[in-house]
*Asks:* 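Let me begin by handing over the structure; questions about it come next.
Please read these numbers as outputs of a predicted model, since none were measured by experiment.
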Amino acid sequence: MRKLKERILKDGKCYPGGILKVDKFINHQMDPNLMKDIAVELIRRFAASEVNKIITIEASGIAPAIMMGFLLNLPVVFAKKKKPSTMGDMYVTTVSSFTKQRDYTVVISKEYLKKGDKVLFVDDFLANGNAAKGIIDLVTQAGAELVGMGFIIEKAFQDGGEYLRKRGIHVESLAIIESLDDCRIKIRD
């Protein structure tokens, strides 16, 4: 997706340790027009898949997921990183955050993820795949079917994409970062 790649090169910032900051247009301040284009492209890439629910994990996956849900007229569920006091019966898993260097207890209400759901997971980044692994666990607990996983940005130099693809999961990433060596952003063509 050329527009996204150009924006990453223009406004993305690299930090030591393989960190790419895109908070100017994706996960703090958001560009709604770019987010719409991202949603349209992910919808195109998963057009052959039967989906009845879009799932993400708070917080940065919510914008692309909600845009996709709006365009497809599908419900969007986001896994919460904290158990709400008002939530009763739920699926629970643990997810490690690469960026924040901590573990989160992630939950989805059993009311909103059910056996037979055909789920598409959407998130901003795919790095080591920890959030994706957590979602796989929640979907499995529910007896739902994971149709695919769509990411805005994938870090190819980390093993999350390889892990998911080796398990036969349909993965689509709109921009694949080959390297952040010497804090230079190298994007796959």
*Asks:* Is there a chain of hydrophobic side chains (I, L, V, M, F, W, Y, each step under 4.5 Å between heavy atoms) that links L20 to F157?
*Replies:*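 Same cluster.
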
*Asks:* Measure the acute angle between the ring planes of F46 and H170, then classify it against the limits of 30° and 60° as parallel, tilted or perpendicular.
*Replies:*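 Because their plane-to-plane angle lies in the 30° to 60° range, the rings of F46 and H170 count as tilted.
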
*Asks:* State yes or no: do V77 and L71 share one hydrophobic cluster built from I, L, V, M, F, W and Y residues joined by side-chain heavy-atom distances below 4.5 Å, directly or via other members?
*Replies:*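 Looking at the clustering, L71 is in a separate group from V77.
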
*Asks:* If you round to the nearest 0.5 Å, how far is CD of E6 from CG of D11?
*Replies:*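 Interatomic distance, D11 CG to E6 CD, rounded to 0.5 Å: 11.5 Å.
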
*Asks:* So E41 and I38, do their side chains get closer than 4.5 Å, heavy atoms only?
*Replies:*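 No; the side chains remain at least 4.5 Å from each other.
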
*Asks:* Against V119, only a single residue in I54, V139, V147 fulfils side-chain contact (heavy atoms from CB on, under 4.5 Å); can you say which?
*Replies:*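 Output: one option passes, namely V139.
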
*Asks:* I want to check something: taking the side chain as every heavy atom from C-beta on, are D123 and I135 in contact at a cut-off of under 4.5 Å?
*Replies:*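 Side-chain contact under 4.5 Å: no.
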
*Asks:* Can you find a pair of side-chain heavy atoms, one from I26 and one from F125, that are under 4.5 Å apart?
*Replies:*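 I26 vs F125: side chains apart.
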
*Asks:* Quick one, E178 with R188, criterion salt bridge (charged side-chain N to carboxylate O under 4.0 Å, His left out). Give me CA distance, side-chain angles, the key distance, then yes/no.
*Replies:* CA-CA 6 Å; E178 290 285 358; R188 184 180 295 170; 2.4 Å; yes

*Asks:* Linking I/L/V/M/F/W/Y whenever their side-chain heavy atoms sit closer than 4.5 Å, directly or via other members, would I8 and Y15 fall into one cluster?
*Replies:*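 In one cluster: no.
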
*Asks:* Taking G18's backbone N and O only, do any of them form a donor-acceptor pair with K155's side chain (distance below 3.5 Å, no angle check)?
*Replies:*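 Checking the backbone N and O of G18 against the side chain of K155, a donor-acceptor pair under 3.5 Å is found.
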
*Asks:* For residues G148 and L120, report the shortest heavy-atom separation together with the two atoms involved.
*Replies:*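 Shortest heavy-atom contact: O-CD1, 3.3 Å.
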
*Asks:* Does the side chain of D103 come under 3.5 Å of the side chain of S96 through a donor N or O and an acceptor N or O?
*Replies:*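 Yes, S96 and D103 have a side-chain donor paired with an acceptor closer than 3.5 Å.
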
*Asks:* Following the transitive rule for hydrophobic clusters with a side-chain heavy-atom cut-off under 4.5 Å over Ile, Leu, Val, Met, Phe, Trp and Tyr, establish whether M90 and I108 coincide in one cluster.
*Replies:*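 Different hydrophobic clusters.
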
*Asks:* Indicate the atoms forming the closest heavy-atom contact of A131 with I57, along with that distance.
*Replies:*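 Shortest heavy-atom separation between A131 and I57 comes out as CB-CG2, 4.2 Å.
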
*Asks:* If you define the side chain from C-beta out and look only at heavy atoms, does anything of Y91 sit under 4.5 Å from V106?
*Replies:*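 In short, these two side chains do not touch, never coming nearer than 4.5 Å.
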
*Asks:* Is the shortest distance from a Lys or Arg side-chain nitrogen in E172 or R165 to a carboxylate oxygen in the other one below 4.0 Å?
*Replies:*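 No salt bridge links E172 with R165.
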
*Asks:* For the side chain of R7 and the backbone of L34, is there at least one donor-acceptor N/O pair under 3.5 Å apart?
*Replies:*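 No, because the side chain of R7 does not come within donor-acceptor range (under 3.5 Å) of the backbone of L34.
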
*Asks:* Between atom CD1 of I153 and atom OG of S60, what is the distance when rounded to the nearest 0.5 Å?
*Replies:*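 Nearest 0.5 Å value for the CD1-OG distance: 10.5 Å.
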
*Asks:* State which residue, out of R2, K5, K3, R44, fulfils the salt bridge (Lys or Arg N to Asp or Glu O under 4.0 Å) condition with D37.
*Replies:*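 Option passing the salt bridge (Lys or Arg N to Asp or Glu O under 4.0 Å) with D37: K3.
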
*Asks:* To the nearest 0.5 Å, what is the distance between CZ on R167 and OH on Y163?
*Replies:*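 Here the interatomic distance stands at 4.0 Å.
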
*Asks:* Before giving the answer on salt bridge (charged side-chain N to carboxylate O under 4.0 Å, His left out), spell out for E145 and K114 the whole-Å C-alpha distance, their side-chain angles and the decisive distance to 0.1 Å.
*Replies:* CA-CA 9 Å; E145 178 187 342; K114 298 188 179 291; over 6 Å; no

*Asks:* For the residue pair M67 and P32, what are the closest heavy atoms and their distance?
*Replies:*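 Smallest heavy-atom distance, with atoms named: CE-O, 3.9 Å.
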
*Asks:* Would you check if V107 and T93 make a side-chain contact, meaning some heavy-atom pair closer than 4.5 Å?
*Replies:*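 In short, these two side chains do not touch, never coming nearer than 4.5 Å.
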
*Asks:* Distance from D89 atom CG to E111 atom CD, nearest 0.5 Å?
*Replies:*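 Here the rounded value is 10.0 Å.
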
*Asks:* Within the 4.5 Å heavy-atom criterion, are D23 and K13 side-chain neighbours or not?
*Replies:*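 Side-chain contact under 4.5 Å: no.
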
*Asks:* If you round to the nearest 0.5 Å, how far is CG of L174 from CZ of F151?
*Replies:*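 Atom-to-atom, F151:CZ and L174:CG are 10.5 Å apart.
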
*Asks:* If you look at every heavy atom in G12 and V22, which pair is closest and at what distance?
*Replies:*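 What the structure gives for the nearest pair is CA-CG1, 4.4 Å.
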
*Asks:* Give me the atom names and distance for the closest heavy-atom approach of A127 to Q158.
*Replies:*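 Minimum heavy-atom separation between A127 and Q158: CB-OE1, 3.1 Å.
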
*Asks:* Does V51 share a hydrophobic cluster with I169, counting links as ILVMFWY side-chain heavy atoms below 4.5 Å and allowing steps through other members?
*Replies:*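 Each belongs to a different hydrophobic cluster.
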
*Asks:* List the atom of P64, the atom of A39, and the distance in Å for their closest heavy-atom pair.
*Replies:*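 P64 and A39 have their closest heavy atoms at O-CB, 4.3 Å.
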
*Asks:* Donor-acceptor pair, distance only, cut-off 3.5 Å: does the side chain of E58 make one with the backbone of K81?
*Replies:*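 Judged by distance alone, yes, a pair lies under 3.5 Å.
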
*Asks:* Charged N to carboxylate O under 4.0 angstrom, D31 versus K24?
*Replies:*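 The answer is no: the pair does not qualify as a salt bridge.
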
*Asks:* So, applying side-chain contact (heavy atoms from CB on, under 4.5 Å) with I55, which one of L146, V76, V122, L113 is it?
*Replies:*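 The passing option is L113.
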
*Asks:* If you measure from OG1 on T56 to CE on M68, what distance do you get to the nearest 0.5 Å?
*Replies:*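 The distance works out to 10.0 Å.
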
